[in-house]
Each structure stands twice: as C-alpha cells, then as structure tokens.
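One structure is given below, encoded as structure tokens.
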Amino acid sequence: MITIVTAAEMHQLGVKLSAHLRAGDLVLVNGPLGAGKTVLAQGVGEGLGVTGITSPTFVISRVHKAATPFIHVDAYRLVDSDNPNLYLDDLDLDIANSITFIEWGGAESARLSEDRLEVSIDRSDDIRKVVIRAVGPRWAGFSL
C-alpha cells in the first residue's frame with residue numbers, strides 16, 4: 001500500500017508508474033469521485049511526454065499522441081449502461097499499440113487484457129491509500 005497525502009504526491013506516483021509502462025499495457029484505476037484518478041493519469045501522461053490531460057468523462061475516451069500513444073478512458077457512464085461490454089468494444093481502443101488507462105475500469109475492462117495493473121484508491125479519510133495489483137505474466141515480479 002502507498003500512502004498519498006497531496007495531489008502532487010498522486011501526480012508523482014503517476015510519473016513513477018509511467019516509467020514501467022510500454023505499448024500494450026492496460027492500467028485500470030478505481031476509486032470514488034475525487035480520489036485522484038485523473039491526477040494519477042496526468043502524472044502518467046507527464047512521464048510519457050503528454051500534457052493537457054483532463055477527465056474524459058463526457059467524451060469517454062481521448063487518445064493523446066506521444067512516442068507511444070496514451071489512451072485515457074473514463075468508463076463511469078458505461079458502467080451503468082445496459083451493456084457496458086458492448087459500449088467499451090465500440091470505443092475501438094488500440095490497446096496493442098498504446099498505453100491504455102481506464103478510470104472506473106471494472107470487470108468489463110479487465111477482460112481487455114490478461115496482463116494489467118489494477119490500481120485501487122481509497123479516500124475514506126484525508127489520506128489516500130493506493131494499492132497496485134499486478135495481474136498476468138507481463139507484470140510478474142512488478143513492484144513500484
């Protein structure tokens with residue numbers, strides 16, 4: 001578990017995480033509203049050379065151009081839909097050639113890759129508790 005006190009620390013965690021990412025990687029991030037999911041994405045983006053990252057809540061996904069494209073998805077509105085799997089498939093994400101970061105990435109997102117990082121952010125008090133779970137052979141032995 002990683003303890004995060006400030007938004008700047010969450011941002012730096014994203015920068016640190018970005019150093020481990022490569023094309024084909026999937027990062028699923030979950031936590032309540034205001035937990036810092038988008039701030040984490042901004043840190044990952046900075047580490048990848050991407051600026052101007054904002055929450056894609058209304059557009060659902062954005063592709064940011066970089067040496068390895070960075071796809072940022074907010075699946076919040078998909079989760080409550082009749083068939084979130086169908087809507088996620090309709091996004092036509094190029095996961096194999098990009099780094100894909102999905103906020104509110106639940107079971108419907110986990111099926112996109114057997115190799116993924118699952119990030120959980122708990123903000124039950126002023127201090128965020130972040131747990132990163134490595135799934136699949138790609139992430140064997142991973143630690144941050």
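When reading the values below, keep in mind they use all heavy atoms of this one structure, side chains included, and skip hydrogens, waters and symmetry mates.
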Legend entry - Heavy-atom pair with the smallest gap, counting every atom of Lys16 and His20: O-CD2, 3.4 Å
Legend entry - Closest contact, heavy atoms only, Arg123 versus Pro32: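 Distance-wise, the nearest heavy atoms are CG-CG, 3.5 Å.
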Legend entry - Sole residue of Val27, Val73, Ile95, Val29 in side-chain contact (heavy atoms from CB on, under 4.5 Å) with Ile102: Val73
Legend entry - Joint hydrophobic cluster, Phe142 plus Val130, side-chain heavy atoms closer than 4.5 Å: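 Yes, Phe142 connects to Val130 through the hydrophobic network.
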Considering only heavy atoms from C-beta outward, does the side chain of [X] approach that of [Y] to under 4.5 Å?
X      : Y      : result
Val50  : His72  : no
Glu46  : Ser18  : no
Asp94  : Pro69  : no
Leu144 : Ile132 : yes
Ile71  : Ile99  : no
Val44  : Leu21  : yes
Trp104 : Lys37  : yes
Arg138 : Ser113 : no

Inset, instruction - Please assess Leu13 against Val15 for the test side chain to side chain contact (heavy atoms under 4.5 Å, CB included), listing each intermediate value before the final yes or no. - result: CA-CA 5 Å; Leu13 178 61; Val15 172; over 6 Å; no
Counting N and O atoms only, with roles assigned by atom type, does the side chain of [X] sit under 3.5 Å from a partner on the main chain of [Y], one being a donor and the other an acceptor?
X      : Y      : value
Thr6   : Glu9   : yes
Ser98  : Thr100 : no
Gln42  : Ile53  : yes
Asp25  : Arg22  : yes
Lys129 : Ile121 : no
Asn30  : Ser120 : no

Inset, instruction - Step by step, work out the side chain to side chain contact (heavy atoms under 4.5 Å, CB included) result for Leu48 and His64. - result: CA-CA 10 Å; Leu48 299 173; His64 298 276; over 6 Å; no
Legend entry - Pair Arg128 + Asp122: basic N to acidic O under 4.0 Å: no
Legend entry - Neighbour count above 12 (heavy atom, 6.0 Å) for Asp126 CG: no
Legend entry - Polar side chain donor-acceptor pair, Glu103 to Thr38, under 3.5 angstrom: yes
Inset, instruction - Any chance you could lay out the side chain to side chain contact (heavy atoms under 4.5 Å, CB included) test for His11 and Leu40, step after step, and finish with the verdict? - result: CA-CA 5 Å; His11 185 92; Leu40 184 67; over 6 Å; no
Legend entry - Worked check of side chain to side chain contact (heavy atoms under 4.5 Å, CB included) between Leu117 and Leu28: CA-CA 6 Å; Leu117 292 178; Leu28 307 180; over 6 Å; no
